[in-house]
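Working notes, beginning with the structure itself.
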Number of protein chains: 2
Amino acid sequence: MTTETTTGKRPGGRSAAVLVAVKRALEDLMAERGSDRVTIPMVAERAGVNPTSVYRRWGDLPSMINDIATYRLDPNRPMADTGDLREDLTSWTAEFVRHYSIPANAALLRAGAATAGETETDCLRNRRAEAGVILDRFGGDGPVSAEDIIDHVIAPIVYRVIYQPHTLSDATAPKLVNFLMGTR
Amino acid sequence: MTTETTTGKRPGGRSAAVLVAVKRALEDLMAERGSDRVTIPMVAERAGVNPTSVYRRWGDLPSMINDIATYRLDPNRPMADTGDLREDLTSWTAEFVRHYSIPANAALLRAGAATAGETETDCLRNRRAEAGVILDRFGGDGPVSAEDIIDHVIAPIVYRVIYQPHTLSDATAPKLVNFLMGTR
DNA sequence: GGGGAATTGCAAAAATCGTTGCTTTAGCGA
DNA sequence: TCGCTAAAGCAACGATTTTTGCAATTCCCC
């Protein structure tokens with residue numbers, strides 16, 4: 001993420017500072033303790049912000065978590081473009097794995113799962129879009145579809161992040177991409 | 001699940017009624033709102049039970065969720081054994097999909113994800129064991145491993161349950177198993 | 001710079017949650 | 001049927017969370 005996605009009417013200066021402070025505090029607390037065991041007053045105190053501000057801006061914790069989970073992983077970051085589909089996918093996937101190897105990010109993902117319901121988090125939706133971008137470079141009618149990428153690359157990683165974080169490694173990305181593309 | 005898991009000293013009549021009412025109330029509420037956004041007083045009211053009873057029996061919400069999640073998917077149910085690996089896997093997978101197509105079960109899975117940390121839920125751990133059982137029937141050294149099944153069958157389904165429940169259908173199981181076994 | 005509006009901070013009130021002691025209900029064995 | 005006791009209900013309390021009204025700050029646009 002680069003800067004602020006504050007869609008509100010006053011994105012600059014202090015509001016932004018509060019936003020950043022709260023975001024960091026929330027991430028830290030969620031990584032330290034579970035996504036349960038975190039309360040708004042707690043976050044506010046850690047952020048050095050008045051609880052009222054938090055309440056007014058987000059209302060409650062689940063909303064806050066969903067909103068803040070949005071910030072992750074810069075949507076405009078450059079993606080590898082080597083001319084080789086497998087290679088591009090692998091480095092893109094590796095970055096995804098690396099991102100969720102950071103405890104704070106993993107905690108955010110797990111917490112988001114609880115409230116997920118009907119809509120993917122923005123973070124995951126962005127991954128889907130990126131998968132589309134990569135595929136489009138290669139004509140879009142290759143051996144795999146965006147849905148395949150979600151099912152067989154993103155999903156296994158998400159599963160591991162949630163239930164078996166210790167099984168994530170540098171080998172994960174190439175392994176999954178290889179399976180996806182048919183080399184076993 | 002069969003009937004009551006009430007291990008207490010007085011399983012009959014009223015206690016059982018309370019247990020069932022609370023269980024139903026909790027499942028309903030978790031399906032309606034997220035597993036967050038549910039409180040014990042809320043559950044008690046919906047169940048027509050005094051909050052104190054709930055507090056005394058379970059203590060807090062996570063414990064309650066864990067306890068009630070025990071009900072899921074009979075571990076001793078018979079599994080298809082047709083002599084054909086693909087067919088066995090498909091029907092086993094279809095049952096998994098069917099189970100999590102029920103909103104209450106999906107809500108429970110999402111809730112479990114939020115608190116997962118290091119350990120899979122019992123339900124998922126059992127699925128892993130079953131995958132092993134099926135593979136063992138066929139010598140255990142076939143084209144796929146238990147890990148492959150987790151990555152490419154279970155994980156995509158779990159992902160959909162959590163983030164895109166409406167994409168689950170009767171076609172999901174055969175599609176994933178076919179991909180797993182190399183027919184595309 | 002200066003005006004208007006959004007946002008924050010502060011403080012007090014209101015609501016909610018979770019606990020505890022006690023009373024009442026009702027299952028279970030004799 | 002009766003007594004014992006586990007479990008549920010009730011009421012009051014303290015602690016924490018959440019809301020709300022108002023003053024002070026500070027950002028954006030002219």
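The structure displayed is predicted, hence computed values, not measured ones. So that the names make sense, note that chain A is the first sequence line, chain B the second, and so on, each numbered from 1.
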Using side chain to side chain donor-acceptor pair (under 3.5 Å) as the criterion, list what pairs up with A/Asp88, not counting sequence neighbours. A/Thr82, A/Arg137
Selection from C/dG27, C/dT8, D/dA7 that lies nearest to any side-chain heavy atom of B/Ser15: D/dA7
Tell me if the side-chain of B/Arg56 makes a donor-acceptor pair with the base of D/dG9, cut-off 3.5 Å, by modelled atom types. yes
Among the nucleotides C/dG9, D/dA8, C/dG18, whichever has the atom closest to the side chain of B/Ser53 is D/dA8
A/Thr52 has its side chain closest, among D/dT18, C/dC17, D/dT20, to D/dT20
So that I can tick it off, tell me whether A/Asp170 and A/Arg98 are bridged by a salt bridge, with the cut-off set at under 4.0 angstrom between side-chain N and carboxylate O. no
Charged N-O contact under 4.0 Å between B/Arg57 and B/Asp67: no
Can you list everything that forms a side chain to side chain donor-acceptor pair (under 3.5 Å) with A/Asp84? Sequence neighbours excluded, please. none
Would you mind checking if B/Arg127 and B/Glu130 are paired as a salt bridge, meaning a charged N to carboxylate O distance below 4.0 Å? yes
Overall bend of the helix from C/dG1-D/dC30 to C/dA30-D/dT1 (five pairs an end, 10° steps) is 50°
Ignoring backbone atoms, establish whether A/Tyr55 has a side-chain N or O less than 4.0 Å from OP1 or OP2 of D/dT19. no
Reckon A/Arg14 has a side-chain N or O less than 4.0 Å from the OP1 or OP2 of D/dC27? no
Give a yes/no answer on whether the side chain of A/Arg57 brings an N or O atom under 4.0 Å of OP1 or OP2 in C/dT8. yes
Salt-bridge criterion met for B/Glu27 and B/Arg46 (N-O under 4.0 Å): no
Taking the minimum atom-to-atom distance to the side chain of B/Val49, which one of C/dC10, D/dG9, D/dT17 wins? D/dG9
